[in-house]
There are 2 protein chains.
Amino acid sequence: MSNMGYAGHMELHEPELRDVPVTAVLAALADDVRLQIVRALAEGGEYACGTFEFGVSKATRSHHLKVLREAGLTRTRVAGTSRYVRLRREELQRLYPGLLDAVLAAPARA
Amino acid sequence: MSNMGYAGHMELHEPELRDVPVTAVLAALADDVRLQIVRALAEGGEYACGTFEFGVSKATRSHHLKVLREAGLTRTRVAGTSRYVRLRREELQRLYPGLLDAVLAAPARA
DNA sequence: ACCCATGTTCGACATCCGTCGAACAACCTC
DNA sequence: GAGGTTGTTCGACGGATGTCGAACATGGGT
């Protein structure tokens, strides 16, 4: 059948940032592994999920990326078998000015 | 006996802010009740613990104030049977510039 | 077509966390 | 000192969370 489209891209769940409570954003950032991921993402463009090797299994990594995505912190682009993740910096900055910068500026290992 | 001193003030556990991991600070802020408390504290000076009526029992309130204190967010002064709590704004601002302001500026009910 | 690489999902498990009532402790007042 | 006020601590309980291995899905390469 022809109405199948060229799809398969399964609609990743990426909420509007304004619908995410601040506490959810903070909770997403309040984890060591996730904060490392966010720091890495803050360096620049897009990263494949596999890029992040922080001593956890790929199941756990996948879980953390999902938490970040559903907290409105990241956006994911699907390309083949890989997924490319990037920070939603501008949106974040618009809704919570200074928050991300402040967190990123904090000493990495307290 | 005279060597009893005039004590009983039991040494509240208030860590150095630099010893608290950022993730702990964020986790402390990542709760609705605690964020309400912090917002109230941000209004000004000192508040007795009993001031905070946010629909939780006093046991729970006590718990949250402990979490905030041990995350280095508040300082507590003991006076009689009351405890007066205040935000450690300057210290926070010095170690995590902009963080608290960004969180406080966020819309209260997302 | 087969295999491999990349990620997600599914239990399962242990731990942490928010919540409460009840008991306790300290202090003030009468 | 008896009683009331203020706040902490102690289980207990239910729900969330981080972690993993194994199974699954999808797509690329040879």
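So that the names make sense, note that chain A is the first sequence line, chain B the second, and so on, each numbered from 1. When reading the values below, keep in mind they use all heavy atoms of this one structure, side chains included, and skip hydrogens, waters and symmetry mates. As the structure is a prediction and not an experimental result, all values here were calculated from the model.
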So does [X] get a side-chain nitrogen or oxygen closer than 4.0 Å to the phosphate oxygens (OP1/OP2) of [N]?
X       : N      : value
B/Thr60 : C/dC20 : yes
A/Ser57 : D/dC20 : yes
B/Arg34 : C/dG18 : yes
A/Arg83 : C/dT6  : no
B/Ser62 : D/dT8  : yes

5'-most contact on DNA chain C: A/His63 or B/His63, nearest heavy atom basis?
->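 Looking at DNA chain C, the more 5' nearest nucleotide goes with A/His63.
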[X] [atom1] to [N] [atom2]: how many Å, rounded?
X       : N      : atom1 : atom2 : answer
A/Asp32 : D/dT17 : CG    : P     : 17 Å
A/Lys66 : C/dC10 : NZ    : C1'   : 11 Å
B/Phe52 : D/dG7  : CZ    : C1'   : 13 Å
A/Leu65 : C/dT6  : CG    : C1'   : 13 Å
B/Arg61 : D/dT9  : CZ    : P     : 14 Å
A/Lys58 : D/dA22 : NZ    : P     : 12 Å
A/Asp31 : C/dC16 : CG    : P     : 14 Å
A/Phe54 : D/dG18 : CZ    : P     : 16 Å

[X] versus [Y]: any side-chain heavy-atom pair under 4.5 Å?
X       : Y       : value
B/Phe52 : B/Leu41 : yes
A/Leu29 : A/Arg34 : no
B/Leu65 : B/Thr74 : no

Is the shortest distance from a Lys or Arg side-chain nitrogen in A/Arg75 or A/Glu14 to a carboxylate oxygen in the other one below 4.0 Å?
->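 Result for this pair is yes, salt bridge flagged.
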Nearest listed nucleotide, side chain of [X], among [options]:
X       : options               : value
A/Val56 : C/dT6, D/dT19, C/dG21 : D/dT19
A/Ser82 : C/dT19, C/dT6, D/dT19 : C/dT6
A/Ala59 : C/dT9, C/dG7, C/dC28  : C/dT9
B/Thr81 : D/dT8, D/dT26, C/dC28 : C/dC28

Cluster link B/Val67 to B/Leu104, ILVMFWY, side chain under 4.5 Å |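 No, because B/Val67 and B/Leu104 fall into different hydrophobic clusters, even though each may have its own neighbours under 4.5 Å.
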Nearest-nucleotide comparison on DNA chain D, the residue closer to the 5′ end among A/His64 and A/Gly80 |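 First, find each residue's nearest nucleotide; the 5'-ward one identifies A/His64.
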